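Input: a single structure, listed below in structure tokens.
Every chain is numbered from 1, with letters handed out A, B, ... down the list of sequences. Not measured: the values here are computed from a predicted model. Note: hydrogens, waters and symmetry copies are ignored here, and every other heavy atom, side chains too, is used.
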Amino acid sequence: MVMFQANTLRDMVDLEHGTISREVFVNEEIYQQELEQIFARAWLFIGHESQVPKNGDYVQSKMGEEAVLLVRDRKGALHVFLNTCRHRGMKVCRYDEGNTLLFTCPFHGWSYDTDGRLVGVPEFQSAYHGELEKEKWGLPEARIHNFYGSIWATWDPDAPSFEEYLGDFEQYLRPLFQGDDGRDNGVELIGGVHKWYMPSNWKFPSTSFQSDGAHGSITHRSVNVAAIGPQGDADGGDRHPVRSKWPRVHLEVAMPGLGHSGHFTVEEAGAPYTETWQTQPEIEDYYREAHEAKMKRFAGQKLITGGGGVFPNMVYQGGGVIRKPIAVWHPAGVYTTECWRFYFVDRNAPQEVKDAMRRYYMRYAGPVGLTESDDMENWNYATPASKGTIARRYPYNYQMGLGHEYVDPSIAPGRLTPHRAEQGQRNRFARWLEFMQANNWGDMYPRSGGPKPLGY
Amino acid sequence: MVMFQANTLRDMVDLEHGTISREVFVNEEIYQQELEQIFARAWLFIGHESQVPKNGDYVQSKMGEEAVLLVRDRKGALHVFLNTCRHRGMKVCRYDEGNTLLFTCPFHGWSYDTDGRLVGVPEFQSAYHGELEKEKWGLPEARIHNFYGSIWATWDPDAPSFEEYLGDFEQYLRPLFQGDDGRDNGVELIGGVHKWYMPSNWKFPSTSFQSDGAHGSITHRSVNVAAIGPQGDADGGDRHPVRSKWPRVHLEVAMPGLGHSGHFTVEEAGAPYTETWQTQPEIEDYYREAHEAKMKRFAGQKLITGGGGVFPNMVYQGGGVIRKPIAVWHPAGVYTTECWRFYFVDRNAPQEVKDAMRRYYMRYAGPVGLTESDDMENWNYATPASKGTIARRYPYNYQMGLGHEYVDPSIAPGRLTPHRAEQGQRNRFARWLEFMQANNWGDMYPRSGGPKPLGY
Amino acid sequence: MVMFQANTLRDMVDLEHGTISREVFVNEEIYQQELEQIFARAWLFIGHESQVPKNGDYVQSKMGEEAVLLVRDRKGALHVFLNTCRHRGMKVCRYDEGNTLLFTCPFHGWSYDTDGRLVGVPEFQSAYHGELEKEKWGLPEARIHNFYGSIWATWDPDAPSFEEYLGDFEQYLRPLFQGDDGRDNGVELIGGVHKWYMPSNWKFPSTSFQSDGAHGSITHRSVNVAAIGPQGDADGGDRHPVRSKWPRVHLEVAMPGLGHSGHFTVEEAGAPYTETWQTQPEIEDYYREAHEAKMKRFAGQKLITGGGGVFPNMVYQGGGVIRKPIAVWHPAGVYTTECWRFYFVDRNAPQEVKDAMRRYYMRYAGPVGLTESDDMENWNYATPASKGTIARRYPYNYQMGLGHEYVDPSIAPGRLTPHRAEQGQRNRFARWLEFMQANNWGDMYPRSGGPKPLGY
Amino acid sequence: MAIDTKQEQLLERLLLHFEIEEFLYREAELLDERKYDEWLEMIAEDIHYYMPMRRNVKFGEWERENTSDESEISWFDEGKVTLAGRVRQINTGLHWAEEPVSRVCHVVSNVQILDVQGDEVRVKSRFIIYRNRLQDETDFFVGKREDILRRDAQTGWKVAKRNITLDQNVLLAKNVTIFF
Amino acid sequence: MAIDTKQEQLLERLLLHFEIEEFLYREAELLDERKYDEWLEMIAEDIHYYMPMRRNVKFGEWERENTSDESEISWFDEGKVTLAGRVRQINTGLHWAEEPVSRVCHVVSNVQILDVQGDEVRVKSRFIIYRNRLQDETDFFVGKREDILRRDAQTGWKVAKRNITLDQNVLLAKNVTIFF
Amino acid sequence: MAIDTKQEQLLERLLLHFEIEEFLYREAELLDERKYDEWLEMIAEDIHYYMPMRRNVKFGEWERENTSDESEISWFDEGKVTLAGRVRQINTGLHWAEEPVSRVCHVVSNVQILDVQGDEVRVKSRFIIYRNRLQDETDFFVGKREDILRRDAQTGWKVAKRNITLDQNVLLAKNVTIFF
Ligand code: FES
Ligand code: FES
Ligand code: FES
Ligand SMILES: [Fe+3]
Ligand SMILES: [Fe+3]
Ligand SMILES: [Fe+3]
């Protein structure tokens, strides 16, 4: 692989002046370098333990362009395997999900236990003379981490722990997996993961989702007439739930040196419940009670709410108390993103609450959702726009709020800017630059142990 | 970008012996180099002022692979803009044509005036702190030139004037935009531009159209049975209008050092009218009168009639008195051409004349035309034929008429050969070679001011 | 073209340890190098003389990615031409087969005699001034060899003779073209060549077909319920004809230094006939008689039966007495194979025998065949599996039978292993490595005359 | 014309079939002509409009093939309120995913009457929907619909239930802003 | 069989609809079977055969969406003389764009009778035309036709007007050498 | 209702046509629903199931265009035994080319009755078959079928002959594991 020189990339991503070359979104060599430098080394979101509750359960997932299996083995331990036979590469499992004792390859029949070991090789004695070292030919396995029920994995044995990788962003991410009453590991995945192809470079959604507040009022200008929010027409048809009136600070947050960022509100616990499900009293009751339990649980503490992104390609929403969806923007060629959208609910919620949330998710999100169908349009067409001979001479403008960042741990961790700014996008690209240049994790924070890089 | 060395290219394009490597039609790197070296520097055909008669009118066009807008601003001035938002690249205008006061981007709402200035940025104060230098972030604008109503543009500030670029070829091109009576700037575009994709390298049509007289009798062998010409069956069903019997010289013409070429006839003004619209007397009357007015206008002068091509990718026909169509062969990937076909009529002609011409154009030209559908077939399949490992060892033969060129300003400007020859094709490739090698316009005629290169 | 260094390729293809990098199946540069180094130099299978029985007959074939014509000229001699006009490349013949006096190009009408000479150029005097050297611009012609009725060709004038190229493998290949009674040149092609595209690198089928005995019981596990063999349900529904019980040795055979290999049985002639067409007595009678004639013909000799592959991309089956089909796996881009399947029968067999074989071929083979439809699935998906960033770190395992090869000319020519092994696949890759590295045939066996390379 | 009882039944079925084809073709026409408000009039107030996602499952385990409308996420799972909201959204002229509006062609085929229960008819059909927009963006949506059409004496036929089977696993379109 | 008046009307419409479907299917068949001369017999002498280009326009400004047959360039805008010329051209065996001739499949669907005026019936239909030629060249043409079919007592139905709506902006084929 | 003789004939043809459409649609439905055993019941014991390959030939030399079922290799050329074998093969759940099973949609159109001979009806139709499997593998098969359908008093209609014209030269699919 031809590696792009560090200075070439630094010229392209000029965070000091807030400009980024269009080239990074369309260059095939840069894309190949991303697969090696980023997706083969970073911690990636895989799924949720509620997808594989029983021993032998498995479900397909992806890491970068590649298919992996999330498996709960015969003894109950979780694994993430590359879904490829070591003999000639055929996928050892071609179902989207299921339960099995063995993964048997349809080509020549090598079979692998649910813990990845190669256990069956046809004609092992008669043709391999008993000499094949089966223990060396198991399924390639990734390192995994279980973060409050969510599963993450990395291929790099040298990567820091997931905790280090997340750093202080843990405080922003953890609420995503809390139940409606604020207890940890309180959610489950609703069955059915939205999957679709979008003709856009993966970085358009990955560097901007929940760090691009400015697009909402234009991109989503048409959706309010449909009044898809839980409150229906009550709030001018807003696509989001009714906002609380409790005093809160709106912040654009970025973690320098880590690449994570998002848009969050910080407030003292104790807000009264905000009426949301006006027309569905039983749902309203559930959320009111959950809210009160949560306020009690966090009494005297700061509450962080909002959505963000974990570098490189996992993003999530958490606006209001109720929404907990994730998107993962898998690279699928320089011009294509394979989009996956996961939706969570409190696992203890009554079925009608789960149903109400499920319907709201479907109205809002994914390629069919009334809100997000318009995001696809803009991300799609931003990609060919980055390709033109002349267009590439005009870098993109990432200057919103540049120079207005500050740090104030008494408010919240990380670098902050007031709402709105593009510092989150700059920060994700700052991290991108590090990953693209570093030879290995020894050269990169947090593994290197050096001073945190500045970030933008 | 990896640049092809000059000597490699010169080996491929051996104009001395009249052979050209198949490689130039299929090599991806050569194609990328063309986009930079040719399409980002040459004067390109954009459209016609009759497409945007009113202030605020705009119409889509292309320069190379990229979408541009031809706009008449609020004050009536014409502009050519790259159709891309400076923020994240989204097209600021997605309609094929229309009238507007502003171009507002559907992504985050930046808006641009019809003169290209960035005039609206949402949250300019609240999020950009009033600091964004709007004057630096307008729409990229090309230099334009209005040649008798036709609009041309170049991205290169260093390019020579359009007049210099055209040189003596002006005498061959100018009649295209004359009315039927020979007055300058006498035409208008018929609404509706044919646009289609052809799986062929752009150079097949661009280097040969109207400089490849030899293909006609074979490629278009089948069309005479359909008798699509204005004279119907009268002239053996010829697809062209009836040829004048007035003494005239048929010439293949090429402009050394400029790359333009064509097939023309030169005659003394004064020919009697040739019966053409036998079955439509009212059309016949119009053309007879126009012809007579034209003969009067040019009495004692030489008349040039015919079709040709302006380097790199604009071609036109002008055989007989009546036809004035243009084709532009936009590159759209190394194996694909986006073909645009524009049709002109005298703007003062009565509607029935315009209609008759319009119908004839549709019978003849474009992908549905009975004549040109066969051109698409040949250009299409010449492209994969250029790709084979063995095939690439066999250069194409461009020897027709090689060594029989002469210069005689008393007949017509440029290098001449008798009908037929491939000198026009050689000449377009000679210019292609210069563009591909020159570092900038300072190295190239006419800017360099040196002696005119020889051309072929 | 960037050439892959020899040591890089040797690292990828580690035949000593029996591992091969996935990269070789998916790398675009390697693929381009294959077209130059292998397909432009090796002897390739073209077709059979029974396809062009009459003077003037022609049929399309392919060499690598390129279309060629197999032609019997006016005087009865066979030729293989590149199907491309020397002027601008258009295919001079666009029919799949036919009979002609001339190939006339549909673009500008150059015409070529059936012996490839350029004989007609429109306006040769008027436009070419009689100067075009027609004798230099004929159709590019390949060297051909007629091997018992089958036609082979190479582009390389420096290549060894076909006999040398085949070497001792001649003994394994020759039976393919024998009649059912064992006489040479006894077959004819059944009309209709199966042609289809498979999204797989050409090397998956080409390096393994008939040298991958292990896939059968897994890949084709489902086909026995359909009982497609000639014996119907009689033999457990086996897709193959009933196996003879006569003593025979099953061997995996590979020709070191040549790249050919296969799976064969060797036995003394004299076996009694094995009942095969239980339900079709007239077919049974024919094959019994043919069998007896054959045993008589070869009395006292060794009989070789089986299927294999001639490097690089021709493979064939010959299991049992009856099946004589060929497949050619034409490269058609790094991820695509254009598959051609030819089916042979004894040219003297009665029509009902030809029909019975024809039906059996259709049940068994090609993309619609009940057996081979499953091969397509596995070859298809092995290709993307070879592409992943992580996957490419895990080479494929070619160790079956490694180290158990032996040579014993008293049994059969070549290197042998007992049934089953992957030595044939290793051997084809050993040859692949030589072709990819050698500058010309002077560097390669057999032309170089040096000691035979080891092979694997 | 000697029509026997069997043929009489056939004729009756045929007439119903024709009515329903006319209804489905008219619906397709209104959608393609972007007469969304008129289209909404063909939709019952209590419609259940549903398009599951499709999974790759083991042979025979079909019950897991489609996502459930009771507990899982689907592509569509909604009622008339949302459909009407979608129509209003397009009609703003600001719904960028449909602005400029796509060129859509609903090809409806294989119309089968599966069942008649009082005023309700269960109808199966197949569709090929072609969407082309802007310069060259093109999608094919191919699959089946199982509808319950309800006859209303006053207002004619209405779609009371629509179960759409799109024959795709990963959605092969960046978004869905059309109706099925 | 007790057929009431409404059903009688329905039946009459149905019979007409069937006749027209038969006509359109036969037309498709003749074209796909390359019986162009027989096909020409189905075309009225005064036919207007028209296929506009399609523009991307602002919501609601539909009058600019299709090129006009009165003043603009379209894909097709011609009469029987040109259609017959096209047929003669293919029949030469030298029309390279169709030599060797394409494999064409006209799938006609959603046949709707819009209007009956004396001998003339206005009919809408949808088409998917598949063209495959040489080794693997493949195009899909998808769209609608609005025809006026005229019944002639002597010679049967004829196409008197054909307005073809191809759902593409930039034509997604290198050329058009087939009939719609 | 005043139905004249001509219309009576038309009605009779229409009823037959409707019966046949119902039959063909039901067949498509069984295939798409993977009810292969039920589908086999619609197939006559003596069926000839045939799909030739298509050649590019000179204008007019149509007799060489399709491979012959008498002497040449085709795509399909078989009887019920093989069709039943194919069904058994899929039903094993181990036929990898169809495991997991494809999502298939048979769109049948342009149903034409060409001829009626006693109990046998010669029927032409067009098909677009969409196959989608695993994540995103997608094929279109487009072409025509000419069937002989035979009416059996006891068991209803059966397919007695099927001649499938796939409009492709080089097959544009890696394999064919579906029925037409
Ligand atoms: S590829 Fe899996 S066993 Fe061979
Ligand atoms: S892309 Fe145009 S405003 Fe952001
Ligand atoms: S390309 Fe064959 S004659 Fe010109
Ligand atoms: Fe958004
Ligand atoms: Fe031409
Ligand atoms: Fe096999």
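- Residues from residues 195-205 of chain A never place a non-hydrogen atom less than 4.5 Å from a non-hydrogen atom of chain C.
- The minimum heavy-atom distance linking C/Ala385 with A/Gly89 is given by the pair CB-O, 2.8 Å.
- Atom CD1 in C/Ile218 sits 8.0 Å away from atom OG1 in A/Thr104 (nearest 0.5 Å).
- Remark: A/Glu133 CD to C/Asn397 CG distance equals 10.0 Å, nearest 0.5 Å.
- Between C/Arg392 and A/Glu36, the closest side-chain pair of non-hydrogen atoms falls below 4.5 Å.
- Interface residue C/Ala391: backbone and side-chain heavy atoms are both found under 4.5 Å from chain A.
- Listed here is the closest heavy atom pair of A/Ala127 and C/Arg420: CB-O, 3.5 Å.
- C/Asp375 does not touch chain A: none of its heavy atoms, backbone or side chain, sits under 4.5 Å away.
- Contact of C/Thr19 with chain A is made through the side chain alone, with heavy-atom distances under 4.5 Å.
- A/Arg88 pairs by the salt bridge (Lys or Arg N to Asp or Glu O under 4.0 Å) definition with C/Glu422, not counting sequence neighbours.
- A/Trp155 is not listed as a side-chain neighbour of C/Thr389, based on a closest heavy-atom distance of 4.5 Å or more.
- When the candidates A/Cys105, A/Pro106, A/Gly109 are compared by the number of heavy-atom contacts under 4.5 Å with chain C, A/Pro106 comes out ahead.
- Residue with the most contacts toward chain C among A/Ala142, A/Pro140, A/Ala40: A/Pro140 (heavy-atom pairs, distance under 4.5 Å).
- Within a 6.0 Å radius of NZ in A/Lys387, other residues, nucleotides and ligands contribute 12 heavy atoms or fewer.
- Looking at C/His404, the atoms closer than 4.5 Å to chain A (heavy atoms on both sides) all sit in the side chain, from C-beta outward.
- The two residues A/Met90 and C/Glu377 make their nearest non-hydrogen contact at CE-O, 4.2 Å.
- Proximity to chain C (any heavy atom under 4.5 Å) is shown, for A/Leu35, by both the backbone and the side chain.
- Across A/His129, A/Arg94, A/Glu123, A/Met63, the residue that shares the most heavy-atom pairs under 4.5 angstrom with chain C is A/His129.
- Smallest separation of non-hydrogen atoms from C/Asp212 and A/Phe107: OD2-CE2, 4.1 Å.
- There is no side-chain donor-acceptor pair under 3.5 Å between A/His108 and C/Asn378.
- The shortest non-hydrogen separation linking C/Leu402 to A/Glu131 is O-OE1, 4.1 Å.
- We find the OH-SG distance between C/Tyr394 and A/Cys85 to be 13.5 Å, quoted to the nearest 0.5 Å.
- Taking C/Thr383, C/Ile20, C/Thr219 one by one and counting their heavy-atom pairs under 4.5 Å with chain A, the maximum is reached by C/Thr219.
- Within the 4.5 Å cutoff, side-chain heavy atoms of C/Gln399 are placed close to those of A/Leu132.
- Contact check for C/Tyr381 versus A/Lys91: no side-chain heavy atoms found under the 4.5 Å cut-off.
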